[in-house]
Every structure is written in structure tokens, then in C-alpha cells.
Peer 1: 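This is the structure, below, for whatever I ask next.
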Protein chains: 2
Amino acid sequence: MLSLKFEGGIQVETRKIPEATITRLSQYSKYLERLDYNGIDIVSSSELAEGVGVNSAQVRKDLSYFGEFGTRGIGYNVKDLLNYTLKILGLNRKWPLVLVGAGNVGQALCSFKGFNERGFSIVGVFDNDLTKIGKRIGKLEVFPMEKLPEVIKLHEIKIGIIAVPVRAAQEVADLMIKSGLQAILNFARVTLNIPENIKVKNVDLSVKLEILTFDLVT
Amino acid sequence: MLSLKFEGGIQVETRKIPEATITRLSQYSKYLERLDYNGIDIVSSSELAEGVGVNSAQVRKDLSYFGEFGTRGIGYNVKDLLNYTLKILGLNRKWPLVLVGAGNVGQALCSFKGFNERGFSIVGVFDNDLTKIGKRIGKLEVFPMEKLPEVIKLHEIKIGIIAVPVRAAQEVADLMIKSGLQAILNFARVTLNIPENIKVKNVDLSVKLEILTFDLVT
DNA sequence: TAGATTGTTAATCGATTAACAATC
DNA sequence: TAGATTGTTAATCGATTAACAATC
């Protein structure tokens, strides 16, 4: 994960950015949205840190990977910093998504408003289950898998979501990559075999519960 | 997060366990389930590492926090190691859960099979929305919030899931804690104010997508 | 015994944080 | 100027991994 830092349009540095920094950046931006919504103009690193539950040096360090956004002695302009963080995360645009798997998880993701709030929108749902194809999930129709490449190309989609059973996940991933997707969010509980240049993130909904149960029994 | 290591029933050591170790332990156990399902008896740390996508020293280190489970020169017995990892994670028992919030996310969690596979079962769904109370989600009926303390006590529930809008999340958390819950899985995108002795994990479904978009624009 | 793999130590690597000069 | 807060350096802390003795 690299940082391309720009000054006056010229790339100045390339550094490794911890993934935890990106996760926190996402949290900062969400907290800044709330501050902005509440009409707050200026925020300090320590207020932001408290709001998100981290160290204030952490906040300043995280931001410093990407530039200088504050004013010494004053703090950060909420609106500006919000825009900067969104821009850094790539959220200053819409991201159309395809979703494969129209089961429980897939259906939930279709109606999940949190995605829309951050500029993500599922534009196509696919399944190979004949009993599901043609059905509607909200405004979306479930298409057969064969249509996947077409929709990806039509909407210039970069990101796909896998919400199929473990046994089908690798095959779906292969088709996604063949169709030109560059990133995959995988809800199937399996480690996918994926080329280096394709980005994958796994989401396992039960892992966090298991961290809790570990704590409870320890 | 502490490790209580036992030998012959006597506590030997107390050490800090990285949370990442617990997450990997969860992955190991899932991979071991598949090996067991496929009739494989013995696995080495390097096979396990490859299956989960980590370093083999990592696997041995992770396991070493909890004991010695392998045989030098041979490897690990799949069934035994599976049982050990499940025991460590506290998954050698059932975990009844309460869920507050019968919106999209809540409904999805009710029908999510992945929880059941790991011994979790939602035994009560609660909401304060009159249009939702009394409705059915699968086999569950949506109860009014007032019933929450009663159900928690009746089933001796330790873990609650919050799937309500941001504005309601803190209030729900407070009620959960007052009713005796010890751990909370929070799907609301807000940092909850919680006493030290209560364990909380936040799940943000869009964060991983944002890590992907960051990568894509970088 | 020779070959293999564990469990553990010590080295390395990387992330967090304290401290402070810069500066509003 | 005095007070406040940033941006950055350097120290600390913690996690990962290479290496190897132990041992099956």
C-alpha cells in the first residue's frame, strides 16, 4: 500500500502506508461528517482522536502521510479535512459494484444503505441458481452468471462482491478477474487464489464475535 | 487480551495475545474443518500456513501461546487441533445472542447461516419501531425493546448485537449493559461510550471496500 | 540413523506514541 | 508576546519471521 504525495501536481514521495491508517482515515471521515452536520467548523487532532478512540499523535501521523491539512495553533477546518480524507480514500466519485450471490448475505448487501452513503452502488446482481434468476431484490433483477462480463464492461466496473458458498467462490473470482475486475470483496469463508495485481479483502462476519467469545472465556 | 496457559490444570503463565492471533486462530479452525471434512488426518504448520495465507512460523507462534499441540517430525492431528482451536476461541459451547434493530442489517443477520455454523444463535430480535414489532423474521418474532432485559436474563445471554441507526446506538448499548450483557457487536457506525469491563467490537461493512478504493486510486 | 517438523529464541521489521520545534 | 496546536523526529513498543535445537 503506497502513498503518492503530491505538491503542486508533482509527485514528491512514495511511502508505505499502514492499512490501519486507511481504516482510521475512513473513521475520521465519518466522524468529520458528523461534526460538519452539527455545524462545527474547526477540530483539533485531539478532539478527532477522542471521537474515534485513538491517540492524537496517531491522527496527526496518519494525516501526515498525505500532506499538511491543518493550521498550527488552530486545528483543522472540518469541511476541508472531510473533503481531503474522502479524496484520499477515493470516495470523491461513485463506485458501481457487481454482486455475485443472491442468497441471504447477497440480499442484505443489496439493501444495505451504508454502501450508498459512501458512494457505492450495486448495479448488477448475479446467480446461477435458476430459482433466483429473474427475481427482484429491491430495484435490482437477479441475472444469470453469463451476463456478468457484459455488465462489468458496460458500467466500467472495477469492484465485485462475492457472496456465494465456499465451493463456488474460487470459480466466481476467476470469472470476475477474467471479466476485468480489479478488486474483490469476498464474503465467502475461504482464502481465494488470486493474481498479485488483483486486490482482495475478506469479510468474515463471525470473526469479531469469536474475538468476543475468546475474551469472555479468558 | 490475555492468555491463561494451563498445564495439568495449573495456570502457568499469563501473556498478552495479539488480537491478530485470535483472528488467525479463527481462520485456522475453519481451514481445519475443511481438512477434516476431506478426511485429512495430519497437517503441518506450513500446509496450514499456506491454506490461510500466512507464514508457517506465524502458525507455530500463534499456537504456542496456548500450548503444544503438535508432534515434532510429524505435524498436527487435524481433529485434535480443530478441537483445541475451537476450545480456545470459546466455541465448544452454544452462544445465544440478542439482536437489537430489525432493519436491513438486522434482518440479514437473522438469516445469516455463518453464525449458526460457529455455535451462535440469535434468540431474540428487538426494535422500538411499532411497524416492526410483532412481525416475523424467519422463525423469530420482533419484540419491543422493553422485553430485552427479560430475554437476556432468561437465556443467560452474554453477547448482544446492535444493528440500529447511529442516533439510537448509544442508548441501546446503555440498556444492554444495564441488562447484564458483557460483550457487544456493533454494526452502527459510531464509537460507543462503554465501560472498561464490557467488550465491544465494531463492524463497518464499507471500510473494507474503502481500503479497496484507496488501493485502486493510488 | 537420516529426514522431517515442531516449539522457541533472537533478530528484524513495522507501527504507535512521546516529545518538541515550528508556527499560527 | 503568550497560548495553542500542528507536523515531524526519535524512542518505544509490539508483532512477525528466520533460524535452529529438540525430538519424533
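Source: prediction; values computed, not measured. Chain letters run A, B, ... following the sequence lines, proteins first and then strands; every chain starts at 1.
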Peer 1: Return the value, rounded to whole Å, for the distance between atom CG of A:Asp80 and atom C1' of D:dT6.
Peer 2: 16 Å

Peer 1: Is it the case that the side chain of B:Thr191 and the backbone of A:Gly51 share a donor-acceptor pair, with hydrogens and angles ignored and the cut-off at 3.5 Å?
Peer 2: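 Looks like yes, one N/O pair under 3.5 Å.
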
Peer 1: Under a 4.0 Å threshold between the charged nitrogen and the carboxylate oxygen, would A:Arg189 count as salt-bridged to B:Glu33?
Peer 2: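 No, this pair does not count.
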
Peer 1: Using modelled atom types and a 3.5 Å cut-off, is there a donor and acceptor pairing between side-chain atoms of B:Gln182 and backbone atoms of B:Ile198?
Peer 2: no

Peer 1: Nearest nucleotide by nearest heavy atom, which residue falls closer to the 5' end of DNA chain C, B:Ala57 or A:Ala57?
Peer 2: B:Ala57

Peer 1: Provide, to the nearest angstrom, the distance between the CZ atom belonging to B:Arg72 and the P atom belonging to D:dC24.
Peer 2: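 Spelled out: CZ on B:Arg72 to P on D:dC24 is 7 Å.
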
Peer 1: With a 3.5 Å limit on both atom pairs, tell me what D:dC13 is paired to, counting Watson-Crick and G-U wobble, or say none.
Peer 2: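 With both distances under 3.5 Å, D:dC13 matches C:dG14.
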
Peer 1: Expressed as a whole number of angstroms, how long is the span from B:Leu81:CG to C:dT5:P?
Peer 2: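 Checked: the CG to P distance equals 16 Å.
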
Peer 1: Looking only at side chains, do A:Thr213 and B:Arg118 share a donor and an acceptor under 3.5 Å apart?
Peer 2: no

Peer 1: Which of these nucleotides, D:dG7, D:dT17, D:dC24, is closest to any side-chain atom of A:Tyr76?
Peer 2: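 Of all the options, the side chain of A:Tyr76 is nearest to D:dG7.
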
Peer 1: Does C:dT17 have OP1 or OP2 sitting under 4.0 Å from an N or O in the side chain of A:Arg60?
Peer 2: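 For C:dT17, OP1/OP2 do not have a side-chain N/O of A:Arg60 under 4.0 Å.
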
Peer 1: Expected output is a numbered-order residue list: members of residues 36-56 of chain B with a heavy atom under 4.0 Å from any atom of DNA chain C. What is it?
Peer 2: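 Those residues whose heavy atoms fall under 4.0 Å from DNA chain C, taken from residues 36-56 of chain B in numerical order, are B:Ser44, B:Ser45.
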
Peer 1: Over how many whole Å does the gap from B:Tyr65 atom OH to C:dT8 atom C1' extend?
Peer 2: 12 Å

Peer 1: Can you check the B:Phe66 CZ to C:dG7 P distance for me, whole Å?
Peer 2: 14 Å

Peer 1: Compare the minimum distances between each of C:dT8, C:dT16, D:dA15 and the side chain of B:Ser64, then state the nucleotide with the smallest one.
Peer 2: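 Taking heavy atoms from C-beta onward, the closest nucleotide is C:dT8.
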
Peer 1: How many angstroms lie between atom OG of A:Ser26 and atom OH of A:Tyr31, to the nearest 0.5 angstrom?
Peer 2: 15.5 Å

Peer 1: Whole-Å distance between C:dT16 P and A:Ile22 CD1?
Peer 2: 12 Å

Peer 1: Which listed nucleotide (C:dT16, D:dA15, D:dG7) is nearest to the side chain of A:Ala20?
Peer 2: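 From the listed options, C:dT16 comes nearest.
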
Peer 1: CD1 of A:Ile17 versus P of C:dT16: gap in Å, rounded?
Peer 2: 12 Å

Peer 1: Verify, without hydrogens or angle tests, whether A:Gln170 (side chain) and A:Asn193 (backbone) share a donor-acceptor contact under 3.5 angstrom.
Peer 2: yes

Peer 1: Report yes or no: does B:Asp36 contribute a side-chain atom to a donor-acceptor pair with the main-chain N or O of B:Leu32 at less than 3.5 Å?
Peer 2: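 Side chain of B:Asp36 to backbone of B:Leu32, a donor-acceptor pair under 3.5 Å: no, none is there.
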
Peer 1: Assign each of A:Thr71 and A:Gln58 to its nearest nucleotide of DNA chain C by heavy atoms, then name whichever residue's nucleotide is nearer the 5' end.
Peer 2: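 By nearest-heavy-atom nucleotide position, the 5'-most residue is A:Gln58.
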
Peer 1: What is the distance from CG of B:Asp62 to P of D:dG14, rounded to the nearest Å?
Peer 2: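 Rounded to the whole Å, the gap is 17 Å.
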
Peer 1: Only pairs with both distances under 3.5 Å count, Watson-Crick or wobble alike; so what is the partner of C:dT5 in this structure?
Peer 2: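 WC or wobble partner is D:dA22.
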
